[in-house]
Protein chains: 2
Amino acid sequence: MVMNELKKLGLRLTPQRMAILKILEGNTTHPAAEEIFHQLMPQYPSLSIATVYNTLEILVKAGKLQEIRISSDKRHFDPNPVPHSHFLCRKCDAIFDLDNGSLDIEIPSNMEGHLVEDCAHYYYGICRNCRDERRDK
Amino acid sequence: MVMNELKKLGLRLTPQRMAILKILEGNTTHPAAEEIFHQLMPQYPSLSIATVYNTLEILVKAGKLQEIRISSDKRHFDPNPVPHSHFLCRKCDAIFDLDNGSLDIEIPSNMEGHLVEDCAHYYYGICRNCRDERRDK
DNA sequence: GTAAATGCAAAATTTTTGCACTAGG
DNA sequence: CCTAGTGCAAAAATTTTGCATTTAC
């Protein structure tokens, strides 16, 4: 559970943080900050978008979340911090996880003299759902 | 030469476009729109940032440029449209091309049922220059 | 001459910041 | 208590848009 790990890092377990964590846990839709904010609005009317951004940044720095820069306009977030590929559909804008089988992406420690710490692999095209729709018509 | 290819696409060769193309040709610094704009300001004081964005979008759509979404805050551009990896230095924010030898990135046509048209591989860490600086001190 | 491109300024979006107030531990 | 965290509103930063004017062909 992520909550206990946060405690160990000296982070306070506020209701806002727990709610954000709950939304993200097991979530494969890769929401952006604003989507999380709107989902929580009904329950937490006083919640601030700044708090959402703040929490997401903390979680990314703590290695509990992964930031996804696949879309040109806004950042998305993945509760799975293990490096894996993502696919963005040009038609419906959905982001999919691509599980490279059991082989997660290997991060080369050194590339042309650069010290590599992290990596991201993004793929673009038409997702299987949109492709099927097209086929039906 | 890119200019002639643009003509074939029915695009007009305006001074602004040619200037933007000239700045990008052979450029390995991966400039953002604003950097291009500022480099051209002295020579083209009336140039509009909207024209820079417009031109960049046209060139990307025409397949003459590659958009780089490696940085979370702004988009960068690469005059080399062939898929290849990029490296972002967390210390100096420079973007480097990673030439995967002669093996360019292969785009799988199909991944888990999705139709893949394009891809991007990004790497993050400390570049060789910043690493060397650290070592000297 | 005419459609395409430009420049300008305003708007739209996303993200960040400063600061007073609140509350978790 | 006391510091970390929150909320608010304003600001910053990037990108887009509408429209009148200009210009490449």
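Naming: A, B, ... by sequence-line order, numbering from 1 per chain.
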Whole angstroms only, please: what is the [atom1]-[atom2] distance between [X] and [N]?
| X | N | atom1 | atom2 | answer |
| --- | --- | --- | --- | --- |
| Arg17(A) | dA4(D) | CZ | P | 11 Å |
| Leu9(A) | dG24(C) | CG | P | 19 Å |
| Lys7(A) | dA4(D) | NZ | C1' | 15 Å |
| Leu11(A) | dA23(C) | CG | C1' | 16 Å |
| Arg69(B) | dT14(D) | CZ | P | 17 Å |
| Ile20(B) | dA5(C) | CD1 | C1' | 11 Å |
| Leu40(A) | dG7(D) | CG | P | 11 Å |

Would Lys74(B) and Glu34(B) count as a salt bridge (charged side-chain N to carboxylate O under 4.0 Å, His left out) if you check the C-alpha gap in whole Å, the side-chain angles of each, and the deciding distance to 0.1 Å?
-> CA-CA 10 Å; Lys74(B) 54 185 152 183; Glu34(B) 225 235 340; 5.0 Å; no

Which nucleotide, dT14(C), dG24(C), dG5(D), lies nearest any side-chain atom of Lys74(A)?
->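 My answer, after comparing the listed nucleotides, is dT14(C).
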
Would you mind telling me which of dC25(D), dT6(C), dT6(D) lies closest to the side-chain atoms of Gln16(B)?
->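 Nearest to the side-chain atoms of Gln16(B), counting from C-beta on, is dT6(C).
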
Heavy-atom pair with the smallest gap, counting every atom of [X] and [Y]:
| X | Y | result |
| --- | --- | --- |
| Cys127(A) | Cys89(A) | N-SG, 3.3 Å |
| Ala32(A) | Arg75(A) | CB-O, 3.3 Å |
| Tyr123(B) | Cys119(A) | CD2-CB, 3.4 Å |
| Phe37(B) | Leu47(B) | CE1-O, 3.1 Å |

Does OP1 or OP2 of [N] have a side-chain N or O of [X] closer than 4.0 Å?
| X | N | value |
| --- | --- | --- |
| Thr14(A) | dG5(D) | no |
| Arg75(B) | dT16(D) | yes |
| Arg12(B) | dT23(D) | no |

What class does the angle between the rings of His114(B) and Phe87(A) fall in, given that below 30° is parallel, 30 to 60° is tilted and above 60° is perpendicular?
->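 The rings of His114(B) and Phe87(A) lie parallel, inter-plane angle below 30°.
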
How are the rings of His86(B) and His30(B) set relative to one another: parallel (under 30°), tilted (30 to 60°) or perpendicular (over 60°)?
->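 His86(B) vs His30(B) ring planes: perpendicular.
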
Taking DNA chain D as the partner, which of residues 47-62 of chain A come within under 4.0 angstrom of it by heavy atom?
->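 Nucleic-acid contacts, sorted: Leu47(A), Ser48(A), Ala50(A), Thr51(A), Asn54(A).
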
Strand-adjacent residues in residues 28-39 of chain A, judged by heavy atoms under 4.0 Å from DNA chain D |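 None, since no heavy atom is under 4.0 Å.
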
By nearest nucleotide on DNA chain C, pick out whichever of Pro15(A) and Pro45(B) is the more 5' one.
->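 The residue closer to the strand's 5' end, by nearest nucleotide, is Pro45(B).
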
Worked check of salt bridge (charged side-chain N to carboxylate O under 4.0 Å, His left out) between Glu67(A) and Arg69(A) = CA-CA 6 Å; Glu67(A) 203 181 310; Arg69(A) 301 172 180 179; 3.3 Å; yes

Should Val116(B) and Ser109(B) count as side-chain neighbours, where that means a heavy-atom distance under 4.5 Å?
->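 No, every pair of side-chain atoms sits at 4.5 Å or beyond.
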
